[in-house]
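In what follows, a single structure is set out as structure tokens and then discussed.
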Number of protein chains: 2
Amino acid sequence: MVYDDSAKPSVTVDMVVFTIIEGKLNVLLMKRGVEPSKGKWALPGGFVNIDEKLDDAAKRELFQETGVKDIYLEQLYTFGDPHRDSRGRVITVAHFALINLEKQKQELKATNHSVDAKWHQIDNLPELAFDHKKIFEYGLKRLRWKFEYSTVPYSLLGDKFTMSQIQKVYEIVLNKKFDKRNFAKKILTLGILKKEEIKKDVSHRPPRLYSLKIPIGEIIETI
Amino acid sequence: MVYDDSAKPSVTVDMVVFTIIEGKLNVLLMKRGVEPSKGKWALPGGFVNIDEKLDDAAKRELFQETGVKDIYLEQLYTFGDPHRDSRGRVITVAHFALINLEKQKQELKATNHSVDAKWHQIDNLPELAFDHKKIFEYGLKRLRWKFEYSTVPYSLLGDKFTMSQIQKVYEIVLNKKFDKRNFAKKILTLGILKKEEIKKDVSHRPPRLYSLKIPIGEIIETI
DNA sequence: GCAAAAGTGTTCAATGTACACCCATGC
DNA sequence: GCATGGGTGTACATTGAACACTTTTGC
């Protein structure tokens, strides 16, 4: 070891996990069962193991706490104010994640992990522990930024989707409406969608399904 | 303390510091005086003190090692691969910095700090220690991104500058040429420059000086 | 008067925005 | 046949890109 261990900060990961539920943008929060801030809501997260990559730590914590896996995850920012945590010096590497709840449903039901984890609509959040409000806001800003400049929005959708499903996701996250002709034009000229079959069994004109040509997150590199 | 200190990673800050020298983009490197990688070049950086903010640690290390201060600094990314440093688990919070060397000149000369610090042209870098090549490349990407979408380019200029000085800085960093009519039009329509006086004593048509209306870094928030 | 860099406008292409009607299905 | 959401094109404004000549100064 390089210097006196007692002078070392602790390192945690925290996650701002977004999903869409019933047409609303939601973020995952945990009710804290221990001090400090016992009973308050906080972002999911925990300590990084000594031999573990940062994003592996984030995925492990999220799975342990909620049973959720197979998510889109990227690093957000590192918060290291000396007094952000009353337990001592705790530096947290915040991450940003998106999940499609439909794909996870069995998972969530099959485990008991989610007892103190709950989705909250972002326009109606409780008070958050530590500096988690700031971290959440940073995550929300990143989310909206990503919707302008990347393919990550598709991680909120299934493998195949209709144009109006894409549009709804954008409208929910960016909190504004789009003209559907212009929206379709813009999305299609990006050239990232592959035409799939026409969806059947709907009580209106059957829509075309699309899928992604390229992996999620590939179009513009995170900066 | 929260858990066994021996299982704690160490936390460092590293910096990718850019400047322009003689029309070329340069990055600051330190020759390592101790193992591991003794004799190799590395990004400036060091351990974070227990009661110190991350960006304060970055500024302190940079000042200790080079005598440089008053720089533009922002957090870049946190690199935490368990095997990135042979000394053990070392998580580094990388930062990105820009300095105007003209403003620093007295400083650099007045101190002895710079003995093993040296500016290197970015198209002619030596082999770097640890994963610093990756960190450098991430910093360069961020630098170019910032030139498209923010006012940070002005941190490479003095308080007053001519349009062609701005253009040169952009051309050096982005490594391409611009048409001066289009360039001036684009910069001026951003509305961030204030007209200053006309520069005198040049052996050609005297240019107008400009200054920044708003603080550096304000136009677009870092994401 | 000449060398050096400064300053300045128009045309064209591409992109973004506003806007409305018909279509295919289930019931 | 009607309710539901799906699909599509044109006109206009804005933005970005190409392009060349005149101006002001020091020497």
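Convention: sequence-line order gives letters A, B, ...; per-chain numbering from 1.
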Which part of the nucleic acid, if any, lies within reach of B:Lys186 when heavy atoms closer than 4.0 Å are counted: base, sugar-phosphate only, or nothing?
-> nothing
Is the distance from OP1 or OP2 of D:dG5 to the nearest side-chain N or O of A:Ser164 less than 4.0 Å?
-> no
Take the protein atom CD of A:Glu171 and the nucleotide atom P of D:dG5, then report the distance between them rounded to whole Å.
-> 14 Å
Any side-chain donor-acceptor pair under 3.5 Å between B:Asp14 and B:Thr92?
-> yes
Separation of D:dG6 P from A:Lys180 NZ (nearest whole Å) | 6 Å
Take atom CZ of B:Arg205 and atom P of D:dT24, then tell me their distance rounded to the nearest Å.
-> 6 Å
Does A:Lys53 come within less than 4.0 Å of A:Asp55, counting only side-chain N to carboxylate O?
-> no
Euclidean distance, atom CZ of residue A:Arg208 to atom P of C:dC23 [Å, nearest integer] = 18 Å
Specify the separation, in whole Å, of atom CD1 of B:Ile198 and atom P of C:dA6.
-> 12 Å
Integer-rounded Å distance: C:dG9 C1' and B:Phe183 CZ = 19 Å
Could you please name the option among C:dC19, C:dG9, D:dG5 that lies closest to any side-chain atom of B:Asn182?
-> C:dG9
Identify whether any heavy atom of B:Lys200 sits under 4.0 Å from a base atom; if not, whether one sits that close to sugar-phosphate; answer base, sugar-phosphate or nothing.
-> nothing
With a 4.0 Å cut-off, would you call A:Arg208 and A:Glu197 a salt bridge?
-> no
Name the one of B:Lys180, B:Lys177, B:Lys24, B:Lys176 that satisfies salt bridge (Lys or Arg N to Asp or Glu O under 4.0 Å) with B:Glu171?
-> B:Lys177
Whole-Å gap separating P (D:dT4) and NZ (A:Lys199) = 17 Å
Position toward the 5' end of DNA chain D (nearest nucleotide), A:Asp179 or A:Ser203 = A:Ser203
Would you indicate which nucleotide in D:dG5, D:dT24, C:dA6 comes nearest to any side-chain atom of B:Pro207?
-> C:dA6
Using atom CZ of B:Phe178 as one end and atom P of D:dC19 as the other, report the distance to the nearest whole Å.
-> 16 Å
Candidate nucleotides C:dG7, D:dT24, D:dT4, ranked by approach to the side chain of A:His204 - the nearest | D:dT4
DNA chain C nearest-nucleotide lookup for B:Gln165 and B:Arg181: closer to the 5′ end is B:Gln165
Donor/acceptor link under 3.5 angstrom from B:Lys185 side chain onto base of D:dG16 = no
Going by heavy atoms in the side chains, are B:Lys134 and B:Phe79 under 4.5 Å from each other?
-> yes
